[in-house]
Number of protein chains: 2
Amino acid sequence: MAGRQARKSIPQRASGPALWASVGARVRDRERKRDAVIMTAARAFRERGYHNTSLDDIASELNVTKPTVYHYVENKEQLLFECFRAGLALIMNGIEAQQESTATGRERLAAVIARYAEAITSDFGWCMVQAENQDLSPTMSRKVKALKSEIDQGLRSLIRAGVADGSIRPCDEKMTAFALAGALNWIAHWYRSDDQLAASEIAQRFIELFELGLQPR
Amino acid sequence: MAGRQARKSIPQRASGPALWASVGARVRDRERKRDAVIMTAARAFRERGYHNTSLDDIASELNVTKPTVYHYVENKEQLLFECFRAGLALIMNGIEAQQESTATGRERLAAVIARYAEAITSDFGWCMVQAENQDLSPTMSRKVKALKSEIDQGLRSLIRAGVADGSIRPCDEKMTAFALAGALNWIAHWYRSDDQLAASEIAQRFIELFELGLQPR
DNA sequence: CTCTAAATATACTCGTCGGTAAATTAGGAT
DNA sequence: ATCCTAATTTACCGACGAGTATATTTAGAG
């Protein structure tokens with residue numbers, strides 16, 4: 001009894017870390033599972049589309065039942081949102097990675113395009129491209145718009161930088177960013193993971209096209 | 001009996017034209033209404049998305065009930081397909097219009113881009129871009145694929161022609177067509193009909209970008 | 001004036017699916 | 001051993017929406 005008591009009060013210090021370690025493990029576990037749910041959803045959405053995928057489908061692909069899915073995620077909408085966010089994060093990383101580069105604007109833009117293509121061919125790519133405001137509540141829709149806008153602004157500022165340092169011909173930065181993003185986003189519509197063409201090759205061709213243009217030099 | 005028989009056989013000549021005129025009128029009427037159904041559907045799909053639009057919605061926008069809609073169209077899927085086809089037809093027209101032109105490949109391509117942008121900003125544009133195989137039966141999906149492929153081939157052959165006549169720098173025609181179509185299709189995602197920018201202006205900027213490229217000359 | 005066929009409406013079926021309430025199990029802490 | 005909490009399941013609800021069976025109206029044909 002006394003021994004137990006002692007173990008109970010003193011150990012608070014000693015077992016504190018152990019406790020936290022184990023709680024931490026549990027949290028990590030939960031996060032890993034949550035990620036699995038999101039990734040499975042992304043894959044399913046990409047294969048069959050958002051509306052043609054039921055939560056029962058996703059659950060059964062995880063060998064689990066629907067309420068389990070709800071244990072990790074608020075609702076279907078949030079699932080889509082998370083997929084979306086994951087996709088956008090990949091692209092944002094690509095843009096941020098070029099933030100402190102000393103290369104010319106055009107070179108940095110090319111690097112961003114390569115990462116963009118990589119991201120768009122992932123399972124999250126489809127979600128990112130297809131996540132339409134129409135399927136999201138006003139709140140989520142606003143968040144999505146904000147994230148998309150960040151990407152857009154990132155592209156535009158790279159273009160501006162390129163124009164400023166002379167590596168890019170003066171142009172309408174807005175339309176240029178739209179055309180670029182459009183060509184890249186559209187990859188999600190035609191790309192199949194078993195495609196012969198790797199994302200990096202696609203990116204290379206796109207960079208060449210956008211840099212040199214169609215007209216012979 | 002005999003009289004009726006006679007009236008039935010002889011009048012075929014006299015009332016034939018009248019009959020056909022009126023039947024013709026009825027057919028035209030039916031077609032006009034059917035078109036109205038399809039256009040209303042296209043607008044609704046564009047505004048709220050395919051899955052978020054019920055046939056009751058479409059019917060009530062036409063001040064009519066659901067079975068009436070079914071009187072003009074097989075089912076929801078076909079409605080989407082018709083919208084899709086209407087959109088693609090606009091683009092195909094643009095391509096065919098350049099078939100017999102004597103201009104250079106690059107000039108003809110530019111003309112096609114302009115028409116393409118026009119089409120994509122229409123109500124049918126959205127449907128064309130969003131009509132995913134996922135929402136269509138295998139049969140319809142095949143048809144859609146075939147139509148899309150026609151557009152793709154049209155673009156590619158224009159590019160080839162341009163390369164052949166020296167107006168376009170030798171390039172990967174497949175990737176170039178994909179990039180072009182992507183940039184154009186993506187317009188449907190961001191364009192709002194109340195946009196300041198007219199389709200023709202967008203097209204102009206795109207043409208300039210794709211022709212000259214980003215790199216200064 | 002009647003007959004017929006097309007056009008439209010009423011009122012329903014039925015499956016699907018998002019979401020949940022209430023039990024049950026597992027595993028770690030004491 | 002016991003207790004507590006997180007994880008998971010079973011069994012359900014309610015809504016929505018595609019599609020239809022069946023009347024009813026309308027209008028042209030004879």
Side-chain angles (χ1 to χ4, degrees), chain A residues 1-12 14-34 36-37 41 44 48 50-60 62-80 135 137, chain B residues 1 3-12 14-34 36-37 41 44 48-60 62-80 135 137:
Chain A
M1 261 288 217
R4 274 189 113 199
Q5 285 280 22
R7 267 225 292 273
K8 210 179 196 175
S9 46
I10 294 178
Q12 293 235 332
S15 82
L19 174 72
W20 279 106
S22 116
V23 166
R26 203 132 89 188
V27 167
R28 265 197 307 283
D29 219 49
R30 187 183 168 84
E31 276 170 5
R32 261 186 35 236
K33 289 185 183 177
R34 190 183 140 98
V37 169
R48 299 187 296 278
Y50 178 66
H51 290 281
N52 300 319
T53 304
S54 73
L55 287 179
D56 278 316
D57 290 343
I58 293 170
S60 94
L62 287 160
N63 292 314
V64 127
T65 58
K66 186 165 52 172
T68 299
V69 171
Y70 275 93
H71 192 252
Y72 291 98
V73 117
E74 292 269 325
N75 51 36
K76 195 182 181 185
E77 185 196 5
Q78 207 201 20
L79 208 40
L80 179 59
D135 298 324
S137 66
Chain B
M1 264 287 218
R4 272 189 114 197
Q5 286 279 22
R7 264 227 293 277
K8 219 178 191 173
S9 46
I10 295 177
Q12 293 236 331
S15 81
L19 174 72
W20 278 106
S22 117
V23 166
R26 203 132 87 187
V27 167
R28 263 196 309 283
D29 219 49
R30 186 184 168 84
E31 277 171 4
R32 259 185 37 236
K33 290 185 182 177
R34 190 185 139 98
V37 170
R48 300 187 295 278
Y50 178 66
H51 290 280
N52 300 319
T53 304
S54 73
L55 287 179
D56 278 316
D57 289 344
I58 293 170
S60 93
L62 287 160
N63 292 315
V64 128
T65 59
K66 187 165 52 175
T68 300
V69 172
Y70 275 94
H71 192 253
Y72 291 98
V73 115
E74 292 269 327
N75 50 36
K76 195 181 180 184
E77 184 196 6
Q78 206 200 22
L79 208 40
L80 178 59
D135 298 323
S137 67

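Sequence lines set the chain letters: A, B, ... in the order given, protein chains first and strands last, and positions in each chain run from 1.
Between the P atom of D:dG17 and the CG atom of B:D135 lies a distance of 15 Å, rounded to the nearest Å. In this structure, the NE2 atom of B:H71 is 4 Å from the P atom of C:dA7, given to the nearest Å. Atom CZ of A:R28 and atom P of D:dA6 are 17 Å apart (whole Å). For the pair B:Y50 OH and D:dC16 P, the computed distance is 19 Å after rounding to whole Å. Spacing between atom CZ of B:R48 and atom C1' of D:dG17 amounts to 14 Å, rounded to whole angstrom units. Per the geometry, CG belonging to B:D56 stands 14 Å off P belonging to C:dA11, to the nearest Å. Here C:dT16 presents its C1' atom at 14 Å from NE2 of B:H51, a figure rounded to the nearest Å. The distance between atom CD of B:E74 and atom P of D:dA18, rounded to the nearest whole Å, is 16 Å.
Residues B:H51 and A:D135 have side chains that never bring a donor and an acceptor to within less than 3.5 angstrom of each other.
B:S54 comes within contact range of the sugar-phosphate backbone alone, with a heavy-atom separation under 4.0 Å but no base atom that close.
Neither OP1 nor OP2 of C:dA6 sits under 4.0 Å from any side-chain N or O of B:R30. Side-chain N/O atoms of B:K33 include one lying less than 4.0 angstrom from OP1 or OP2 on C:dT8. Between B:Y70 and C:dA7, a side-chain N or O to OP1/OP2 separation shorter than 4.0 Å is absent. Close to C:dA9, at under 4.0 Å from its OP1 or OP2, lies a side-chain N or O of B:T65. Between C:dA9 and B:T68, a contact under 4.0 Å exists linking OP1 or OP2 to a side-chain N or O.
Under 3.5 Å, the side chain of B:K66 and the base of C:dA9 form no donor-acceptor pair of N or O atoms. Within 3.5 Å, no donor on the side chain of B:K76 pairs with an acceptor on the base of D:dG19, nor the reverse.
One finds the CZ atom of A:R48 at 7.5 Å from the OG atom of A:S54 (value rounded to the nearest 0.5 Å).
Contact annotation: the side chain of B:E77 never approaches that of B:L80 to less than 4.5 Å [non-hydrogen atoms, C-beta and beyond].
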Does the side chain to side chain contact (heavy atoms under 4.5 Å, CB included) test come out yes or no for B:L55 and B:L79, once each step is laid out? CA-CA 10 Å; B:L55 287 179; B:L79 208 40; 3.7 Å; yes

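Between the side chain of B:D57 and the backbone N or O of B:T53, no donor-acceptor pair lies under 3.5 Å.
In the set C:dA21, D:dA7, C:dT8, the nucleotide with an atom closest to the side chain of A:P67 is C:dA21.
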